[in-house]
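Order of the sequence lines fixes the chain letters, A, B, ..., with proteins taken first and strands second; residue numbering starts at 1 for each chain.
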There are 2 protein chains.
Amino acid sequence: MPQRDLDRTDRQILAHLQNNARLSNKELAARLGVAPSTALERTRRLEREGVLAGYHAEVDLAARGTPLQALVSVSLRRHQRPLVEAFQAHALALPEVVQVFHTTGQSDFLVHVAVRNPEHLRQLALEAFTDRDEVARIETALLFDHRRAVASGED
Amino acid sequence: MPQRDLDRTDRQILAHLQNNARLSNKELAARLGVAPSTALERTRRLEREGVLAGYHAEVDLAARGTPLQALVSVSLRRHQRPLVEAFQAHALALPEVVQVFHTTGQSDFLVHVAVRNPEHLRQLALEAFTDRDEVARIETALLFDHRRAVASGED
DNA sequence: GATGAAACAATAATAGC
DNA sequence: GCTATTATTGTTTCATC
């Protein structure tokens with residue numbers, strides 16, 4: 001991976017686009033105090049390098065019909081690479097899954113899910129996790145709230 | 001909250017913009033098979049209603065200089081609303097913090113952080129979490145991998 | 001609700017400084 | 001890196017269906 005140090009302008013571009021990915025290049029340039037051609041070239045470079053890895057809309061999960069969120073900790077029975085990879089792919093393909101963390105520690109995965117109601121959660125826990133051969137045990141915690149940090153660009 | 005049922009077109013708009021928030025309206029319309037004016041009106045409506053809650057660039061944390069990620073479980077000493085809210089606000093304001101989950105169960109918060117190296121993690125754990133009065137104990141798990149699910153629009 | 005056309009605005013590529 | 005120019009592409013409005 002080609003690593004280089006990002007300067008202040010780069011970091012500001014990242015921060016602005018983290019907070020609003022639909023900023024126009026013109027507006028972005030104005031906020032940075034640089035010419036639009038400069039902002040565009042910087043942004044394209046960050047995309048090329050993979051530093052800007054994607055742009056995603058944030059959807060209100062409740063409005064979408066899945067108001068109940070949970071974190072499911074999953075411990076696998078054995079640690080063999082095909083099992084670990086298969087589990088992760090399986091989890092990511094479920095429509096209820098929002099994100100998947102592969103962790104060290106007591107459990108192997110932490111799966112963030114959004115469901116319609118408690119019965120949907122129960123069914124998901126049993127069918128998508130407990131029933132799988134590679135899963136030793138799961139532990140489910142409900143989510144009261146989930147917030148992303150706001151980027152400042154001044155670290 | 002004004003709740004209504006989203007139709008297929010709405011759900012497709014959400015899915016497309018979740019996967020690529022910078023899709024032009026023209027391209028979005030072409031993928032849905034509707035006129036650009038239609039796609040625009042639908043998207044604006046979803047924004048007005050809060051279903052589309054924001055647009056965020058995804059930044060490669062390693063490329064940004066913070067290649068080490070962790071999940072910090074935080075248990076608070078007592079559960080009083082001002083304490084809980086103060087802790088959450090504190091966590092969200094830290095530059096190392098990516099996202100914060102407020103959960104039920106053994107711990108109260110799960111904090112996703114990205115740091116430069118193990119020493120930075122140790123320092124963050126001590127100074128930003130352990131040292132705080134309202135914190136009873138923390139447990140830190142390293143992250144091997146973190147993936148967001150891809151939206152399909154066909155649930 | 002959805003449409004197509006027209007007016008307006010932004011982007012991308014290029015050249016010169 | 002900036003400015004300026006230009007061709008291309010995208011956005012937004014609105015009368016109409």
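- Listed by first then second residue, pairs satisfying ring-ring contact (aromatic ring centres under 6.0 Å, His included) with a partner in residues 32-84 of chain B number zero, not counting sequence neighbours.
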What pairs of donor and acceptor atoms, side-chain ones from residues 84-101 of chain A against any protein atom, are under 3.5 angstrom apart with sequence neighbours left out?
unit_1, atom_1, unit_2, atom_2, d
Glu85(A), OE2, Arg81(A), NH1, 3.4
Gln88(A), NE2, Asp145(B), OD2, 3.2
His90(A), ND1, Arg132(A), NH1, 3.2
His90(A), NE2, Ala128(A), O, 2.8
Glu96(A), OE2, His120(A), NE2, 2.8
Gln99(A), OE1, Gln99(B), NE2, 3.1
Gln99(A), OE1, His146(B), NE2, 2.6
Gln99(A), NE2, His112(A), ND1, 3.1
Gln99(A), NE2, Gln99(B), OE1, 3.1

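- A salt bridge links Glu58(B) and Arg148(B); the closest N-O separation between the charged side-chain nitrogens and carboxylate oxygens is under 4.0 Å.
- Remark: the backbone N or O of Leu23(A) is paired with a side-chain donor or acceptor of Arg22(B) at under 3.5 angstrom.
- The pair Arg45(A)-Glu47(A) fails the salt-bridge criterion, with no side-chain N (NZ, NE, NH1 or NH2) lying under 4.0 Å from an Asp/Glu carboxylate O.
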Sugar-phosphate or base contact per nucleotide [nucleotides 9-17 of chain C; S, B, -; heavy atom under 4.0 Å] | -SSB-----
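- OP1 or OP2 of dA2(C) sits under 4.0 Å from a side-chain N or O of Arg42(B).
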